[in-house]
Amino acid sequence: MADSKTPDIVYTKVDEAPELASASLLPIIQSFAAAAGVSVGTRDISLAGRVISSFPEHLKEEQRITDDLAVLGDLVKTAEANVIKLPNVSASVPQLVSAVKELQGLGYALPDYPETPETDEEKAVRAKYDAIKGSAVNPVLREGNSDRRAAIAVKKFAQANPHRMGEWTAESKTRVASMSSGDFCSNEVSKTLDKAVSAKIVLETAKGETVLKDGLSYPAGTVVDATFMSAKALDAFLLDEIEKTRADGTLFSLHMKATMMKVSDPIIFGHAVKAYLKPVFDQFGAELEAAGVNPNSGLGDLLERVADKPEIKAAIDKVMADQPPMYMVNSDKGITNLHVPSDVIIDASMPALIRAGGKGWGPDNKEHDTTCLIPDNSYAPVYDETIKFFKEHGKLNPATAGTVQNIGLMAQKAEEYGSHPTTFEIPKGGTVKMILEDGTVLHSHAVEAGDIWRSASARKAPIEDWVNLAIQRQKAEGCEAIFWLDESRAHDAELIAYVKPILEAKGVADKFQIMSPAKATVQTLKTITAGQNSIAITGNVLRDYLTDLFPILELGTSAKMLSIVKLMQGGGLFETGAGGSAPKHVQQLVEENHLRWDSLGEFSALGESFKFLAEARANDKARVLGEGVDIATQGVLDHGRSPSRKVGEPDNRDSHYWFARYWAEALAVQTGDPDLAAHFAPLAKALAEGEEAIVSELAAAQGKAVDLGGYYKTDPKKVEAVMRPSETLNAIIG
Ligand code: NAP
Ligand code: MG
């Protein structure tokens with residue numbers, strides 16, 4: 001349980017690989033920080049924690065926990081906030097269902113996830129679960145805009161130790177396919193409000209008016225968009241691309257963001273499942289529905305539900321054999337792209353495929369060229385242009401490439417496309433209208449049943465803060481800086497109307513360019529190929545995509561990124577890396593007790609967090625600790641102490657030992673704070689003298705399967721035993 005008083009630094013409790021890593025790293029951090037009188041406490045934002053805290057009325061007194069996400073949501077709106085945010089699971093429905101099942105098995109009397117809620121009680125339960133699923137944490141914590149870049153040490157290390165890149169050739173058949181009409185991109189309308197308004201969204205049909213959403217309110221200056229994806233156009237696109245993939249002889253793949261775009265993207269994913277298995281749905285539609293199949297949950301769920309229906313199973317096998325082969329998540333286990341909506345996440349999947357030279361894994365366990373479906377064309381051009389660029393110029397050379405930094409608009413839920421309570425699957429054909437309190441119709445679209453309609457917004461203060469942050473960062477770096485905004489897109493045109501006057505008023509318009517994402521991609525790739533740097537100033541979605549794409553090409557991974565959120569109320573939020581919670585790493589740990597998770601993102605965030613504390617509270621000891629962290633991080637890189645991917649070789653736990661050692665050594669030799677030096681000198685000595693014992697104790701732990709006592713809710717004692725296997729190290733850290 002979290003401590004009641006707010007600690008100086010909050011370290012979030014999360015899920016999967018980063019949480020396992022915390023079991024080893026956090027005791028070290030807490031012990032070192034305590035020497036400077038800095039408290040580091042935890043707040044639970046894990047999926048299991050969020051589920052448990054949402055249903056106190058169903059639980060025994062001793063099982064109840066506070067809603068730490070709400071506590072943090074308040075904290076980030078204050079100048080006192082200093083939060084280190086690790087990646088957490090953004091749960092898809094199958095993940096949420098399995099977490100609930102696990103918790104029920106542990107004695108938590110939680111209600112089942114109602115797939116088709118009917119009673120009021122079921123609807124209320126469903127609403128609570130809907131608030132937990134998908135990207136439910138980040139929008140609450142991100143009360144500021146995003147500044148992501150590779151620390152200089154990290155970039156230099158990557159240039160000196162370039163990772164392997166797959167070859168790109170002009171003959172590659174890999175390509176991006178996206179819709180040319182009927183998608184969100186082409187139907188978008190956008191307006192900037194000249195006064196504060198309240199609004200509602202209604203669907204008008206022949207039978208009358210249904211209110212889809214009431215009680216919306218926006219301050220003056222908010223950019224409000226609306227758009228929809230036509231279900232018919234989507235289905236036609238999917239069927240057409242399946243045939244083109246067949247003709248090309250490539251793998252079929254679909255790249256979505258079903259976690260962040262938690263309402264829209266699982267629906268689009270479901271359309272793809274139905275299109276790929278069209279003959280099965282045509283023939284057995286009624287039976288599938290009776291079996292409770294929801295295509296949005298994926299092929300994995302579907303196969304489970306028809307396990308006892310040999311006729312349908314046989315039809316599925318036949319159709320799968322006839323269709324173009326699918327891009328696989330795990331070809332050994334037969335897990336396809338369409339098994340689970342959250343398995344293939346575009347910001348991780350597309351860069352990995354591009355890094356591999358445009359190759360995906362096929363069912364035959366071999367690499368093949370791949371057709372990549374990204375139905376909505378808003379941001380697909382970024383991947384399309386990247387692929388075309390490498391086909392023409394060959395792969396990027398990480399030894400010489402410059403770097404791309406990002407300044408991303410995201411504060412106060414800016415541009416949360418498709419994740420909002422303002423996204424709807426349209427039940428009946430008609431007109432969707434967004435109507436202001438004075439009766440003005442702000443936006444209106446003619447829609448058909450099944451279309452996905454959505455509205456997103458971005459407020460004035462966050463937009464202005466974002467432009468100012470970009471100006472600061474460009475001034476600090478002096479390099480190329482591009483606003484990735486397309487003047488021909490409705491939303492972007494409204495943003496440009498904000499950007500240009502601010503740049504001009506500050507006299508820096510000549511330092512910036514404004515380009516469509518397609519053009520900006522090409523320009524940026526040219527810049528980094530020439531060894532120069534560029535700052536990409538983007539909206540929320542491209543912030544997410546680009547801070548994986550470029551780091552994965554430049555550094556081999558996005559996990560090592562520095563990710564700072566300068567909170568608008570003066571606090572600091574330090575995200576660790578740009579990657580997720582690496583479920584594959586947990587699998588490996590459980591099977592062979594090797595954790596390949598790299599905590600470099602945590603190290604970088606920790607250094608920034610201490611330095612921020614030093615500034616905010618005039619705490620000099622925190623500054624010394626922070627500078628020590630930077631030296632230790634550099635030490636881990638320079639001495640090759642990062643985790644290996646292979647069992648039997650040093651892993652995450654070893655890297656923590658080295659981090660602690662280099663940190664203690666740095667603190668022992670610094671002269672700015674003699675007290676800290678005196679405290680850490682014996683610690684540094686003990687860590688050095690214990691090296692042989694510690695390294696061999698850590699090595700001895702590897703190789704065997706381990707039990708964590710759960711997946712979403714692990715047993716803290718078991719995790720501690722697994723993650724802190726060196727008695728010698730534990731005794732020194734205390
Ligand atoms: P991911 O967890 O980033 O995993 C993609 C791959 O990136 C991993 O398999 C791993 O590659 C590599 N990777 C990421 N972090 C790493 C680290 N610290 N050290 C070493 N390798 C690292 O992305 P995902 O599979 O798309 O998402 C998994 C889960 O994370 C989802 O539930 C998603 O919603 C969540 N997520 C959360 C956030 C956030 O909270 N900010 C952000 C993104 C995703 P190898 O397997 O090759 O080692
Ligand atoms: Mg991302």
Side-chain angles (χ1 to χ4, degrees), residues 12 14-22 25 45-47 50 69 84-96 98-99 133-142 146 148 163-164 255-262 265 329-330 340-353 355-356 361 379 406 408 410 419 538 540-552 555-561 563 565 573-589 594-605 642-646 651-652 655 711-712:
T12 53
V14 289
D15 323 86
E16 297 184 326
E19 186 52 25
L20 294 168
S22 292
L25 181 58
I45 55 168
S46 67
L47 177 59
R50 286 181 286 129
L69 178 58
I84 298 179
K85 156 71 174 65
L86 282 74
N88 59 284
V89 166
S90 296
S92 61
V93 171
Q95 282 172 304
L96 182 58
S98 94
K133 82 185 180 203
S135 183
V137 171
N138 287 333
V140 175
L141 300 187
R142 289 175 172 167
S146 153
R148 284 186 180 178
H163 59 277
R164 211 184 59 81
H255 303 263
M256 303 300 303
K257 183 89 183 180
T259 51
M260 185 179 180
M261 308 304 165
K262 68 177 169 183
D265 284 21
V329 169
N330 187 330
V340 182
S342 54
D343 268 356
V344 177
I345 304 185
I346 183 168
D347 52 330
S349 60
M350 285 303 300
L353 182 138
R355 182 183 53 190
W361 279 105
Y379 303 106
N406 181 271
M410 68 175 192
S419 69
T538 68
N540 201 357
V541 176
L542 281 184
R543 168 200 60 77
D544 179 39
Y545 291 7
L546 299 193
T547 59
D548 283 306
L549 176 63
F550 290 114
I552 286 173
L555 316 172
T557 170
S558 60
K560 298 180 180 174
M561 296 294 281
S563 186
V565 185
L573 171 69
F574 305 94
E575 301 191 10
T576 64
S581 47
K584 276 193 257 171
H585 295 200
V586 185
Q587 238 174 49
Q588 187 184 19
L589 177 87
H594 177 93
L595 185 65
R596 69 177 190 265
W597 176 261
D598 188 336
S599 294
L600 212 100
E602 288 95 292
F603 301 160
S604 304
S642 298
S644 149
R645 301 169 60 85
K646 273 208 224 100
D651 78 350
N652 176 264
S655 75
Y711 189 86
Y712 292 102

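In what follows, residues are counted from 1 in the order of the sequence shown. In each ligand, atom 1 is the first atom listed, and ligand 1 is the first ligand listed.
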Worksheet item: Within the side chain of Arg543, is there an N or O that forms a donor-acceptor pair under 3.5 Å with the backbone of Thr538?
Response: no
Discussion item. With heavy-atom distances below 4.0 Å as the criterion, list the atoms of ligand 1 near Pro87.
Written reply: 38 (C), 39 (C), 40 (O)
Worksheet item: Got the closest protein heavy atom to atom 3 (O) of ligand 1, with its distance?
Response: Gly580 N, 2.6 Å
Response to the item:
atom 5 (C) of ligand 1 has as its nearest protein heavy atom Ala348 CB, 4.3 Å
Worksheet, complete the sentence: Tightest non-hydrogen contact, residues Ala17 and His585, listed as CB-CB, 3.8 Å
Discussion item. With a 4.5 Å cut-off on side-chain heavy atoms, are His163 and Thr557 touching?
Written reply: no
Worksheet, complete the sentence: Within 4.0 Å of some non-hydrogen atom of Ile345, the atoms of ligand 1 are 26 (O), 27 (O)
Discussion item. Treating Gln588 as the side-chain partner and Arg645 as the backbone partner, does any N or O pair qualify as donor plus acceptor under 3.5 Å?
Written reply: yes
Worksheet item: Under 3.5 Å, is there a donor-acceptor pair between the side chain of Asn88 and the main chain of Ile45?
Response: no
Practice prompt. Looking only at protein heavy atoms, identify the closest one to atom 9 (O) of ligand 1 and say how far it is in Å.
Written response: Lys584 CE, 3.8 Å
Fill in: Asp265 (side chain) donor-acceptor with Met256 (main chain) under 3.5 angstrom
no
Item to complete: Could you find the nearest protein heavy atom to atom 29 (C) of ligand 1 and give me its residue, atom name and distance?
Response: Ser581 OG, 3.1 Å
Worksheet entry | Whether Pro583 lies under 4.0 Å from ligand 1, heavy atom | yes
Item to complete: Take the Mg ion (ligand 2) as the centre and count protein N, O or S atoms at distances under 2.8 Å.
Response: 3
Worksheet entry | Check: Ser92 main-chain N/O paired with Gln95 side-chain donor or acceptor under 3.5 Å | yes
Worksheet item: Any N/O of Arg645 closer than 3.5 Å to an N/O of ligand 1?
Response: yes
Discussion item. Could you check whether any side-chain N or O of Thr12 sits under 3.5 Å from a backbone N or O of Val14, counting only pairs where one atom can act as donor and the other as acceptor?
Written reply: no
Worksheet item: If you measure from atom 35 (C) of ligand 1 to every heavy atom of Asn138, Leu595, Asn88, which option wins on shortest distance?
Response: Asn88
Fill in: Option nearest atom 38 (C) of ligand 1 (shortest heavy-atom distance, choices Ser90, Gly579, Ala21)
Gly579
Item to complete: Below 4.0 angstrom from a heavy atom of Thr259, which ligand 1 atoms are there? Numbered from 1 as shown, please.
Response: 34 (O)
Worksheet item: Of all the non-hydrogen atoms in the protein, which one sits nearest to atom 46 (O) of ligand 1, and at what distance?
Response: Arg596 NH2, 2.6 Å
Discussion item. Testing the basics here: between Ile84 and Ala605, what is the closest heavy-atom pair and its distance to 0.1 Å?
Written reply: CG2-CB, 4.2 Å
Practice prompt. Please tell me if the side chains of Met350 and Asp548 come closer than 4.5 Å, counting only heavy atoms from C-beta onward.
Written response: no
Worksheet item: Got the closest protein heavy atom to atom 2 (O) of ligand 1, with its distance?
Response: Ala582 N, 2.6 Å
Worksheet item: Which residue owns the protein heavy atom closest to atom 18 (N) of ligand 1, what's the atom, and how far is it?
Response: Asp598 O, 3.0 Å
Item to complete: Kindly indicate whether the side chain of His255, heavy atoms from C-beta on, has any atom under 4.5 Å from the side chain of Val344.
Response: yes
Worksheet item: If you measure every N/O of Ala559 against every N/O of ligand 1, is any gap under 3.5 Å?
Response: no
Worksheet item: Checking Asn406 side chain against Arg148 main chain: does a donor-acceptor pair fall under 3.5 Å?
Response: no
Worksheet item: Can you tell me which residue and heavy atom of the protein come closest to atom 21 (N) of ligand 1, and the distance to 0.1 Å?
Response: His585 CE1, 3.3 Å
Discussion item. Quiz question: by atom type and distance under 3.5 Å, do the side chains of Asn330 and Lys584 form a donor-acceptor pair?
Written reply: no
Discussion item. Applying a heavy-atom cut-off of 4.0 Å, say which part of Lys85 lies close to ligand 1: side chain, backbone, both or neither.
Written reply: side chain
Worksheet item: With side chains defined as the heavy atoms from C-beta onward, is the minimum distance between Asn138 and Met410 less than 4.5 Å?
Response: no
